[in-house]
Amino acid sequence: MKTLTTIRIYFEYGKKRKDVPFWKTLHQSDFATQILKKAKASNLKQVLHFNVSKGYLDSQNMNWGLNDIQHINHPQIIEITDSLEKINAFLTLEKVLFEDTAIYVVQNEILLKS
């Protein structure tokens with residue numbers, strides 16, 4: 001049996017990196033894609049991006065997600081599953097990327113069958 005940890009990273013659709021000049025953010029991938037690429041390069045077991053249909057973060061106004069173009073405050077979620085050690089190593093390595101995000105451990109589970 002292998003113990004897995006799952007974390008969720010909550011952020012707004014319009015989130016940009018603060019360590020990158022504004023003009024560079026115009027040509028970079030969105031925040032979720034950056035996380036996915038960096039997680040894949042770190043060889044994490046599983047990483048998923050959820051586009052929230054409705055919701056809000058930090059007591060902001062409700063975002064319904066009904067338009068073709070998302071509001072910049074619309075909630076997004078990245079879920080990462082792997083060993084706690086690998087996840088912590090990844091978060092430490094990319095700590096600048098995750099400065100203004102909310103990160104929660106949502107479950108600890110034992111993998112019974114794969």
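Residues take their numbers from the sequence shown, with the count starting at 1.
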Trainee: Which residues satisfy the side-chain contact (heavy atoms from CB on, under 4.5 Å) test with Ile9, sequence neighbours excluded?
Mentor: Ile7, Phe11, Ile78, Ile80, Phe98, Thr101, Ile103
Trainee: Taking Lys86 for its side chain and Asn43 for its backbone only, find out whether a donor-acceptor pair lies under 3.5 Å.
Mentor: yes
Trainee: Assigning hydrophobic clusters by single linkage (Ile, Leu, Val, Met, Phe, Trp, Tyr; side-chain heavy-atom cutoff under 4.5 Å), is Ile77 placed with Leu48?
Mentor: yes
Trainee: Cut-off 3.5 Å, side chains only: do Gln76 and Asn51 have a donor facing an acceptor?
Mentor: yes
Trainee: Any side-chain heavy-atom pair from Leu93 and Lys38 closer than 4.5 angstrom?
Mentor: no
Trainee: For Ala89, give me all partners under side-chain contact (heavy atoms from CB on, under 4.5 Å), at least two apart in sequence or on another chain.
Mentor: none
Trainee: In Å and rounded to the nearest 0.5 Å, what is the CD1 to NZ distance from Ile35 to Lys37?
Mentor: 12.5 Å
Trainee: Report the distance from atom OH of Tyr10 to atom CD of Glu79, rounding to the nearest 0.5 Å.
Mentor: 8.5 Å
Trainee: For Ile87, does its backbone N or O pair with a side-chain atom of Asp82 as donor and acceptor, under 3.5 Å?
Mentor: no
